[in-house]
Every structure is written in structure tokens, then in C-alpha cells.
Amino acid sequence: MTNKELADTFTLIANLLEIKGEVIYKILAYRKAAETLSAHPRAAKDIWQEAGIKGLKEISGVGPAIADKIDELLNTGKLDFLEKLKAEVPESLAGLLQVPDLGPKKVKMFYEQLGVASIEQLKAAAEGGKLAELPGMGKKSEEKILVGIESLSRRSGRTPLGDALPFAGQQIALLKKVKGVKAVEAAGSLRRRRDTVGDLDILVAAEDSEPVMEAFTSQPLVARVLGKGKTKSSVEFNNGMRAQVWVHPPARFGTAIQYATGSKDHNVRLREIALDQGYSLSEHALTKEDGSEILCAKEEEVYKTLGLPWIPPELREDRGEVKAAQSGNLPKLIAEKDIIADLHSHTTWSDGKLSILEMAEAAIARGRKTLAITDHSHNLGIANGLSVERLKEQRKEITAARKKLGDRILLLHGIEMEIRADGTLDFDDETLAWLDIVIASLHVGMRQPREKNTLRILNAINNPHVDIIAHPTNRLLPDRLGSDLDMEAIFAAALANGTVLEINSNPSRLDLDDVHARLAAELGIPITINTDAHAAEHFDFLSYGVATARRAWLTKGQVVNTWKPEKIQAWLKKRG
DNA sequence: GCCGTTTTCGGCCCGACTGTTTTCAGTCG
């Protein structure tokens, strides 16, 4: 069982317990355990095999009860507790919680009063006017549920950062034009630069909220208004995305954006510190025990009042950042301007859109000092992968481009080489040694078992000519999960061989993800942040890769792409 | 159910909005 499967099991337990009416803190405990498990860099199964139940309890949010349940799940694949729970509360009821505006209390009531146990039955009951007759319900509530079912069918879960960020930019531009608005900023998971975003959270500083709410809710892109109040409004757009806008007076903007940025767990930590110091921290102010308020117009002031340095939003996941801030050990995070090399790009020789020279010019225009041309190898036929013969032809064009470019950029001739489904590599050692730089990656045969795919990657790492493993898990956001790999074995091999692991900046990939990149870098594995550009504008994907690196706590010194051309050449020469 | 250089027991998650209500319950973030 993977961490994801364990997490899903505990989320299901939490949902069923909530419908059953269990005390909220028990439910929160299961949710918390599910969250830590799904974001944990190590497989719970590996921890369990090494250190048993005792090892599982070391995981934050996992105590004796949940550790026992993980143990049972890993031993038998089943959980007696869950089976009994399902007998009390049908599993299908958990699915009803997906319907917006439908929570555990109503799900329970609909099931007990009307026998509603599925979305179809819910829809039929609402259309038949049965829901409105129940206590606490009315015509409007019934209508809301029908609308919720409809919107559920339209929504597609989380939105990749690469789609959410530009869309949020449009919304911010719109709100900035409203009269009286002093500042507009995105908050929430978007500001923390998570790889996917749920709803957009937008903070507006203004004394008068009414014109802001009016402009926000009445724009043509809005499919329906979910709520509209003085401090908060939320809408659903035609594209299925949802957004909410908060309006706070400029003098309170600091606490407001701190609150809305989250994460929830980071804010809990911060509120604990506030309480220790005699404050209560809310989105409105820091309030002393005598009721007097300290207002913060800037977010920095919130942290400063609590005796902390400002913490970059990308770190605010309750992964040790508050402790690091307290002890003065926050990392000096890498920034986009630190990146001066791109070691992964494609041209018309395989599936790219531009020539070698055009790609080099586009990279120079963006301040890059080194560019590796790494087209696909022949086993990836769909991308017009290169044979050895075409690779030799390509070298002539590289040489010609170098002459034209002079010392404006270091142009490396490389390859993105397929690791075939059987684990063998697409080129022999002689060809690989002849190239300046070799990236190895998987594109096909990803559904093979964990052991097989792990071995494929290990085989590439163990080849001394392979310099970089690109997008190791091959996930595609938002929906395709990466391959189930033994990342610990991969990290150990990479460390032993000096192989560099990639954070691919394409917003559909962001692979390695933040959690794995952090673990790899902590082990001492050098990281590379590449755009995998297939066109000029793809070089701008860099900001997404850097955001992922910042979420992984990476500093300039841990990233190969900050090196000057001479250092990159020396590194490649040493590798042979 | 988890957690603890204030506690092994008693805290944890609180405010905004909506709708159905006349003071509150449910949902959401």
C-alpha cells in the first residue's frame, strides 16, 4: 500500500465518522494523519518494514491508534475498524460530501429520513421537493443542492499552478481598477505556489468594500455567485474555477493576508506563538488580553510583533519553518535571478518548435549563460527522436551555431535519452561519452511495477555517462500520478554516482515535487531546475520550477543552474 | 485521536455567510 492509498483510507474514515457524528477532534486527527502521510517523503511501508509500529508513531500526526491501523492495513490489506464503520455508515455517503453546500449533518439527515445514499438519489429527492420538507430546510436550500450537483459535474478538482496564476493575474488587474482600492494580492495556496490550486483567494485593501464586491461578482466571466457579503464574496467562473475575495481596511491588510495565505497548519503554529506572548491573532488584528488591538498594515509587522523574521509564503506548510524562523535558521531561498543555465531544451530536430540558433537566442534574451540542446532519442518515435546518425548531423549545426553565437552563451550538445521499457538505454557508452551532457528519462512503460521502474532508473544512474535524471516520476498535473518508485533507492544511487536530479519547470510536471526535492537536496544530491523548453516562451516556465525549489527549501548553492559556464564545463569534464 | 521545555489530561477551530429561523444551525475556508 502506498502513502496515497493509506491517506485515502484515513480520509474516508474521517468522512464516515463525521457523518456518523463523532467528536470533531477525532475526525481532525484522521485528516491530519492523511495529510502528513500523503506529503511524507518516505513510504510508510518502508518505515514499517524497518522499524515497525514504533517507527510509524514517529510520523507527526500518527499516534498509537492510527499506527495500529497502518500496521493492520500493511499486514492484511484490510481494516476491521473501517469494515465495521461501513456497516454503520454506507461508504457512498462520503461521496455526497463532495456536493457543495452539503455537509455531514444534512447527509446524515437525508439518509435517515429519506434513505438518500447516492448523488442520483439526492438529485431525485431534490427534484421531487422532498428535501425542502425536512427540518431546517427550505426551497432555497433545496435549489442550492441541485445547483451544487450540477456544478460538481462541471468541476475538475484542482487547477495546475500554470493555469491558476495567469487567471488570478486577470482578476487582480480587474480589482485594481476599482475606485478606492489600495492593494490587491493573491493569497492561499496560489501565493504559497503549490503545484495545484483549489480555489483562488484574493485579498483587497480598501475602506469601502461595496464597489469591490460589486465589480467582482458582476463580471461576465462569473457563472454564479456563491456568496456576497461585506468582507467576503465568492463566485464560480464559467471555466469551473472558484474564487473568493476578501476586503479589509488597508490598516489591517497585513494580518488579513497573513491569515488568508495559510497554510492552515502554519497559521495554527503562529497563533500558538501569539497566545504564548499574550496576543490573540486573527485576520483583523493582534489583540491583547485587555482587548486593545495592534493593527498590521504589512505582513512583515505580524511576524515582527511575534519576534519572528518574515517567512516566505512558499515555506508556510508547517514543515519546520516556524522553528527555523525562531532559531534564525530560515534558508536563504533560491530566486529566479540566480538561474543562469538551462540544461534541458528541444529543437525542431525532435519535437521542438524552433531551430538550435533560435532557441539559443531566446535563452540569451532571458539572461541565460548556458544552454544544453537535449533532443529526444530515437526510441521515442512519437517525438521524432534522434538516431546516432542524426545526432552526428545535429553536431554540425551546433558547431555552426556556436560560431555565430561566440561567447554570448555556452551551447552544449546533449540528449534526452530514453530509458526503454526493458531498462536498457537508447545509446551505447561510446555515443554517450561523445556528447557534452546526457539526460536520461522515462516516457513509456510507466505502468510497470514499482520494482521494475525503479530498476530502470537505477540502471541509468549507474551509467557514468548519465549526468541528469529528468522528471523522475513522470507525473502529469493535475490528474496523472507519478510512477510508484523507490525514491530512497534512487536517491542513494544518485548520491553515490554524483547524478543530478531535475526539477522540471513545466507547470504540468513540476517533477521532482517539493517534498522529494527537499529530501534529495538535504541528502546532498545536486538539483537542476530546467525548463524542458520546446519553444521560446517555454523558457518562462522557469518561475514555476524555482517556486517548487523554494517550496523545497533550496538555496543557491544546491542548484547546478546557478553555476557559471566555466564551472559547468569543469563539472562535465570531470564526469567524462 | 494526537500531543506536551507550561500539561500524560485537557486542549485542539473560529469567523463569515446563508437560510431558516426570530436567536441559531450548517457549511466553508
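The chains referred to below are lettered A, B, ... by the order of the sequence lines, with proteins before strands, and numbering in each begins at 1.
Evaluation of the salt bridge (Lys or Arg N to Asp or Glu O under 4.0 Å) test over residues 3-21 of chain A, restricted to residues two or more places apart or in two chains, returns A/Lys4-A/Asp8, A/Glu18-A/Arg31, A/Lys20-A/Glu88. Annotation: salt bridge (Lys or Arg N to Asp or Glu O under 4.0 Å) contacts involving residues 215-235 of chain A, sequence neighbours excluded, comprise A/Glu214-A/Lys228, A/Arg224-A/Glu236.
A salt bridge links A/Arg192 with A/Glu317; the closest basic N to acidic carboxylate O contact falls under 4.0 Å. Here A/Arg316 pairs with A/Glu299 in a salt bridge; the nearest charged N to carboxylate O distance falls below 4.0 Å.
Residue contacts for A/Pro104: at a heavy-atom cut-off of 4.0 Å it reaches the sugar-phosphate backbone alone, with no base atom in range. Counting any heavy atom pair closer than 4.0 Å across all strands shown, A/Lys32 reaches no nucleic acid atom. Nucleic acid contact for A/Ser60: sugar-phosphate only, since backbone atoms but no base atoms lie under 4.0 Å from a heavy atom of the residue. Counting non-hydrogen atoms under 4.0 angstrom, A/Tyr259 reaches a base of the nucleic acid. Within 4.0 Å (heavy atoms only), A/Lys264 reaches no atom of the nucleic acid at all. Counting non-hydrogen atoms under 4.0 angstrom, A/Lys69 reaches the backbone sugars and phosphates but no base.
Spacing of C1' atoms, B/dT21 relative to B/dG26, comes out at 13 Å, to the nearest Å. If you take atom C1' in B/dT8 and the same atom in B/dC3, they sit 10 Å apart, rounded to whole Å. Annotation: B/dT23 and B/dC28 have their P atoms spaced 26 Å apart (nearest Å). With both ends at atom P, the span from B/dC12 to B/dT6 equals 15 Å, rounded to whole Å. Comparing the same atom, C1', in B/dC9 and in B/dG15 gives a spacing of 28 Å after rounding to whole Å. Only the P atoms considered, B/dT20 is 22 Å distant from B/dA16, to the nearest whole Å. Atom C1' of B/dT7 sits at a distance of 14 Å from the matching atom of B/dC2, rounded to the whole Å. Using P as the reference atom, B/dT22 and B/dC17 are 23 Å apart when rounded to the nearest Å.
The one candidate from A/Arg194, A/Arg550, A/Arg319, A/Arg193 that meets the side chain to side chain donor-acceptor pair (under 3.5 Å) condition with A/Asp514 is A/Arg319.
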Return a table of donor-acceptor pairs under 3.5 angstrom between the side chains of residues 169-180 of chain A and protein atoms on other chains or two or more places apart.
residue	atom	partner	partner atom	Å
A/Gln171	OE1	A/Gln219	NE2	2.7
A/Gln171	NE2	A/Gln219	OE1	3.1

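Read 5' to 3', the first and last nucleotides of DNA chain B with an atom closer than 4.0 Å to a heavy atom of chain A are B/dG1 to B/dG29.
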Take A/Ser292 and A/Asp290 through the side chain to side chain donor-acceptor pair (under 3.5 Å) test and state the conclusion after the steps. CA-CA 6 Å; A/Ser292 63; A/Asp290 63 8; 2.7 Å; yes
A/Ile334 and A/Thr555: CA distance, side-chain angles, deciding distance, side-chain contact (heavy atoms from CB on, under 4.5 Å) verdict: CA-CA 5 Å; A/Ile334 188 159; A/Thr555 59; 5.9 Å; no
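Nucleotide B/dT8 has no partner under the Watson-Crick or G-U criteria, as no pair reaches both atom distances under 3.5 Å.
Listed by residue number, the members of residues 18-30 of chain A with any heavy atom below 4.0 angstrom from DNA chain B are A/Tyr25, A/Lys26, A/Leu28, A/Ala29, A/Tyr30.
Nearest-nucleotide positions on DNA chain B place A/Val268 closer to the 5' end than the other of A/Lys139 and A/Val268. Mapping A/Asp201 and A/Gly227 onto DNA chain B via the closest heavy atom, the residue that lands nearer the 5' end is A/Gly227.
Under the 30°/60° scheme for interplanar angles, the aromatic rings of A/Phe81 and A/Tyr30 are found to lie parallel.
Partners of A/Glu207 under the salt bridge (charged side-chain N to carboxylate O under 4.0 Å, His left out) rule, at least two apart in sequence or in another chain, do not exist in this structure.
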